[in-house]
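One structure below.
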Amino acid sequence: MSLARSLKDGLQFHAQVIKSGFTPTVFTSNQLIHLYSKNGLIREAYRLFDEMPERNVYSWNTVINAYIKAQNLSNAQNLFDAVPEKDSVTYNSLISGYANRDGFEDRAVRLFLQMQNDCDGVRRDEFTLTTMLNLTAKLSALSWGQQLHSFMLKTANDLSGFAVSSLIDMYSKSGSFPDAWTVFERGSSSAVDLVSKNAMVAACCREGKLDLAQNLFWSKHQMNDSVSWNTMIAGFAQNGQEEKAIEMFKCMAVEGFSWNEHSFASVLSAFSSLKALKMGKEIHSWVVKKGIDSNPFISSGIVDLYSKCGNMNYAEFVYLKMKVENSFAVTSMIVGYAAEGNMAEARRLFDSLADKNSVVWTAMISGYVKTQQSDDAFELFRQFMERDARDYDALLFINLLGACTTQAIVDPGKQIHAYIMKVGIEIDEKVVTAVVDMYCKCGSIGYAERIFQNLASRDLILHNVMIAGYAHHGYEYEALQLFEEMVKRGLQPDAVTFVAILSACRHSGLVEVGENYFSSMTEDYSILPERDHYACMIDLYGRANQLEKATVFMDKIPMELDAIILGTFINACKMNRNVKLANDAEEKLLKIEGDNGARYVQLAGAYASEGRWDEMGRIMKKMRGKELRKHTGCSWLQVGNRRHTFISNDRSHSETEAVHAMLDCLIQELVASIHDEEELSQ
DNA sequence: GAAAATCCGT
């Protein structure tokens, strides 16, 4: 009897066996079961197994693996339970099945614990250990990984390529890069194993150490395979070096390696980041031709490309062709719709998802934040807090806190802060900074200060936020003191720090102090002043009634005067009631920003303050016909959970009549009391 | 003589 190599041979062979009435040997049947399983013919594989008059442990293992391959873990488990004599392969197969299935990881662990204690007394071998390492890497369970590692050392199972590469991967994915490196160094003391090298290159990329990754990649580069290339392409793409990723992608083909799903997925993400629609489209057509456009990584990559390029029609078209729900593609589209302000479409997609991960929630809520629909953002966040799952995206909190900050509403900010503490999220530096910033900008400088002072480590950005917070609240002394402390601790201030410091000075009229810091900035810290610093200085002089100094200062600014600087200067003129200088600056400003309605309003305001109604009328006339899309300034009141916003002459509130009746009442009382006082003084 | 494990893509 000959060995069946292809499926066709196998089927022919099987038919002959049945016709001839022979009973194949157990060995031959096992081979056939494996062949059927490899070709996805699970029913045929099982029938053959079922009809075997006698079976050995190979038969059981093969058919169990057939079910695992077909994703049918319950049948695999039933067969596992029925195996008369299990060996390590029986255990390893099912452990691997559970380890790779989301939500069933605990069963893998239980089987691992049971295998050596069970009546079967099956020994854990290298297969068991590498599978378990894979699982702990997936769960980022460093302490389990370490225990497995020491077990491997004890049983001398730590030296093969399988062991070394799994260990590198485990340490890297558990956030312990130095240990990964140690394992790699020790493992490659004799001969370098390619898979281990690839795992180490990937670990370097994960860590952002791209130079190290490249050195490794090019050392012994004769042995590189397509995985090595894909690793580098992905590494560049994930670390913001899209051009290099594309270069490697091209180079890979030149070197004779063919592109696969991994290569396409990575280069697609590079093109998306660059919004390179044309090149992206080429990849699109290429993958369609190759027939791999149904791969979920590829198809969602294409959806992401079109979404990032603002082509939502194409994105929808590609998404509709996908047969299964894909939260990654939906996230891309939500972000895409949010970017064009179409939150209704974004919400439709969000609601269409049966299974929402934290990234989708973050995208949707952040979309509301970005389109300034903060009521919707907070409402959705309330629903987010009520769900059972406990996974988070730090970006969600940063964006929501940002919404509180721009609206200066502290209560929702406090709720977010409380929620962060309640669920015990590992406090990310960026999140803490956002919390401090929120309290600063919402007027709760005391809270901000307390959090700031209790932090063990404080970086530059946090200091900048706190100094700016003090400055905005008129605590110039605290701002300057914190600056000095920061410098004493060895933190180098940056351009942002000086904006905050100069702001502190201008708010309290500390002209000389401000001048000193301004020159110290360049002389002591080699930071070139930017637009904001110049504007700060002009404002500083303006507020201190030193318009002449402002004018002299402005003449020395070595960059082109832009709207911010001129606007600030006009404000300074306004404060010093100097219409002549304002006029000159106005001409310059209108040349730069003739279309910006806000500037006209600012100018008109400057003249109105002077009582120059004719001038104001002139400006208003110039304004007419231009598109004036100034954001309307509004006032708001928080009553209970609702915030009520008002603009001037606003009668849209549902209780506007009652509000105005009350207002009339108050005005009358005010007028009456003024009359009383006048009568008294006479 | 046969069965199980490692690295790369949202």
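Proteins get letters first, then strands, A, B, ... in listed order; numbering begins at 1 in each.
- Residue Thr231(A) places its side chain closer to dC8(B) than to any other of dC8(B), dA2(B), dT10(B).
- Within 4.0 Å of Ser166(A), counting heavy atoms only, lie sugar-phosphate atoms of the nucleic acid but no base atom.
- Stacking is not found between Tyr58(A) and the pyrimidine-like six-membered ring of the dA3(B) base under the 5.5 Å centre-distance and 30° plane-angle cut-offs.
- Using a 4.0 Å heavy-atom cutoff across all strands shown, Asp87(A) reaches at least one base atom of the nucleic acid.
- Using a 5.5 Å limit on the distance between ring centres and a 30° limit on the angle between planes, the aromatic ring of Phe162(A) counts as stacked on the six-membered base ring of dA5(B).
- When heavy atoms are screened at a 4.0 angstrom cut-off, Asn260(A) is found touching no nucleic acid atom at all.
- Between His34(A) and dA3(B) there is a side-chain N or O to OP1 or OP2 distance below 4.0 Å.
- A side-chain N or O of Glu316(A) and one of Tyr337(A) form a donor-acceptor pair less than 3.5 Å apart.
- Side-chain nitrogen and oxygen atoms of Asn198(A) include none within less than 4.0 Å of the OP1 or OP2 phosphate oxygen of dC8(B).
- Taking 3.5 Å as the limit, the base of dT6(B) and the side chain of Ser165(A) contain a donor-acceptor pair of atoms between them.
- No side-chain N or O of Asn65(A) forms a donor-acceptor pair with one of Thr62(A) less than 3.5 Å apart.
- Rounded to an integer number of Å, the gap from CZ of Phe217(A) to C1' of dC7(B) is 13 Å.
- Distances shorter than 4.0 Å separate none of the side-chain N or O atoms of Asn357(A) from OP1 or OP2 on dT10(B).
- When heavy atoms are screened at a 4.0 angstrom cut-off, Lys173(A) is found touching the sugar-phosphate backbone but no base atom.
- Across all strands shown, Gly301(A) has no heavy atoms under 4.0 Å from either base or sugar-phosphate atoms.
- At the heavy-atom level, Asp304(A) lies nowhere under 4.0 Å from the strands shown.
- Below the 3.5 angstrom threshold, one finds no donor paired with an acceptor across the side chain of Asn30(A) and the base of dA3(B).
- Of the candidate nucleotides dC8(B), dA2(B), dT6(B), dC8(B) has the atom lying nearest to any side-chain atom of Asn230(A).
- At the heavy-atom level, Arg206(A) lies under 4.0 Å from the strands shown only through sugar-phosphate atoms.
- The side chain of Gln238(A) places an N or O atom within less than 4.0 Å of a non-bridging phosphate oxygen (OP1 or OP2) of dT10(B).
- Relative to the side chain of Ser96(A), the nucleotides dA5(B), dA3(B), dG9(B) differ in distance, and dA5(B) lies closest.
- With Thr128(A) as reference, Asn92(A) is the one residue of Asn92(A), Leu111(A), Leu133(A) to meet the side-chain contact (heavy atoms from CB on, under 4.5 Å) rule.
- For Asp102(A) and Lys138(A), the salt-bridge test passes: some basic side-chain N is under 4.0 Å from an acidic carboxylate O.
- Geometrically, Arg347(A) does not engage Phe350(A) in a cation-pi contact defined by less than 6.0 Å to the ring centre and at most 45° from the axis.
- When each of dG9(B), dA3(B), dT10(B) is scored by its nearest atom to the side-chain atoms of Phe328(A), the top-ranked nucleotide is dT10(B).
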